[in-house]
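Before any comments, here is the structure.
One-based numbering, in listed order, for ligands and for the atoms of each. Count residues from 1 along the sequence.
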Amino acid sequence: MIDDQQLTAAGNEISDSFVAAQRQSNNTLAALQANPQWYTMLTGDRPTGRLHLGHYFGSIRERVAMQNLGVNTNIIIADYQVITDRDTTEHIEDNVLNLVLDYLAAGIDPEKTMIFTHSAVPAENQLMLPFLSLVTEAELHRNPTVKSEMEASGHALTGLLLTYPVHQACDILFCKANVVPIGKDNLPHVEITRTIARRFNERYAAKHPVFPEPAAILSDAPEIPGLDGRKMSKSYGNSIMLGATAEQTAKLIKKSPTDSQRRITFDPINRPQISALLTTAGLVTSRDPQEIAQEIGDAGAGALKSYVITEVNRFLEPHRERRAELAKDMDVVRDILHDGNARANAIANQTLDEVRDAMGMRY
Ligand code: TRP
């Protein structure tokens, strides 16, 4: 958890609203840890590729921890979100099944955590209609994440890209989640979800509110850099995939760029590439990157890379073994998803009935 002092220090550089969100998130997390049984968590991933180490430390690990604390945990594989900013669903089935494999290998227990996809839960999607009536076009256009995704896509703004934050509200509210672990780019989506829940309750359900106003929990992992010091991204080829082989991982780390200074120091601003290697090593060993830097010292980048290769592969070996074992029987993996979809449908049908009741639409 990022503590208050660090936040105040950071406050000069990052926006006040982010500091407020981080504080709020810390409070929510503390409350959840004290009384996990009061919480329903929903979060998810877009099935656009494989999960990497950044996903593991940024979110998967926390999901497993919440599940094991006794929080009611739910993971959506957001397949309709794939087509918000791209015009193909190529490889989608493969991506979905591989997400399930990584979740299971990482310790998600399908008996405890519901895993499901958008496209299999019609009643969840139907919430979109009343929810869209609760937001204005101007509010949709103000969403900074939508704006930057539109710019990055290089395409015209589609109806789905403009409205997917409302669809994300459907994901969160159909199962009445009250906590939503996310990265900071998803904060505006949780904000609109709170607005929609509040407006729905005010307009249609003042006496017996249907929806909670969910709180965001921001990932507390440091922004995990890719091996080249840039953001970890599939398109940069700088990420360590959870499901890659030890050899592929070694090759990727070996060819990662470094700089010409021999002595290893941890200096994320001036030496982003060396520091990315140190951060990675620190995460997988639970050690302080500074300490690793000192230990390697004048042995240079080659020695640092050998250390990172050994430790990353050591860390990922059990995950990879479980993953390979599970992958031997993909029918079981499909069954797990079908079961999650069936449970999600039951919950979504129930919630949609409550919505119909509140709106006087039960004929
Ligand atoms: N937008 C999220 C992402 O890009 C994925 C997502 C879809 C999600 N639906 C959600 C996250 C609901 C939290 C809650 O990572």
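- When hydrogens are left out, the protein atom nearest atom 5 (C) of ligand 1 is Gly44 O, 3.6 Å; that is the closest non-hydrogen contact.
- Close N/O approach between Gln81 and ligand 1 is found [any backbone or side-chain N/O within under 3.5 Å].
- At a threshold of 4.5 Å between non-hydrogen side-chain atoms, the residues Val180 and Gln168 do not count as touching.
- Distances between N or O atoms of Gln168 and those of ligand 1 include at least one value under 3.5 Å.
- Within the 4.0 Å heavy-atom criterion, neither part of Asp185 lies near ligand 1.
- Those atoms of ligand 1 with a heavy atom of Ala78 less than 4.0 angstrom away are 7 (C).
- Aromatic ring centres of Tyr164 and His189 lie closer together than 6.0 Å.
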Could you check Phe211 against Thr193 for side-chain contact (heavy atoms from CB on, under 4.5 Å), going step by step and ending with a plain yes or no? CA-CA 10 Å; Phe211 295 113; Thr193 302; over 6 Å; no
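- Salt bridge Glu191/Arg142: absent, no basic N to carboxylate O contact under 4.0 Å.
- Within the 4.0 Å heavy-atom criterion, both parts of Thr43, backbone and side chain, lie near ligand 1.
- Here's the thing with His118: none of its N/O atoms is less than 3.5 angstrom from an N/O atom of ligand 1.
- Below 4.0 Å from some heavy atom of Leu42 lie the following atoms of ligand 1, by number and element: 12 (C), 14 (C).
- Of all the atoms in ligand 1, the ones that sit under 4.0 Å from a non-hydrogen atom of Val180 are 13 (C), 14 (C).
- By the 4.5 Å heavy-atom criterion applied to side chains, Asn72 and Met114 are not counted as neighbours.
- For a threshold of 3.5 Å applied to N or O pairs, the pair formed by His189 and ligand 1 contains no separation below that value.
- In terms of protein heavy-atom proximity, atom 9 (N) of ligand 1 is closest to Asp171 OD2, 2.7 Å.
- Counting heavy atoms from C-beta on, the side chains of Leu32 and Leu69 come closer than 4.5 Å.
- With respect to Asp102, the side chain to side chain donor-acceptor pair (under 3.5 Å) criterion is satisfied by exactly one of His319, His52, Arg50: His319.
- Listed by chain and residue number, Glu317 satisfy the side-chain contact (heavy atoms from CB on, under 4.5 Å) test with Glu321 (two or more places apart in sequence, or in another chain).
- The shortest contact between atom 3 (C) of ligand 1 and any protein heavy atom is with Asn186 ND2, 3.8 Å.
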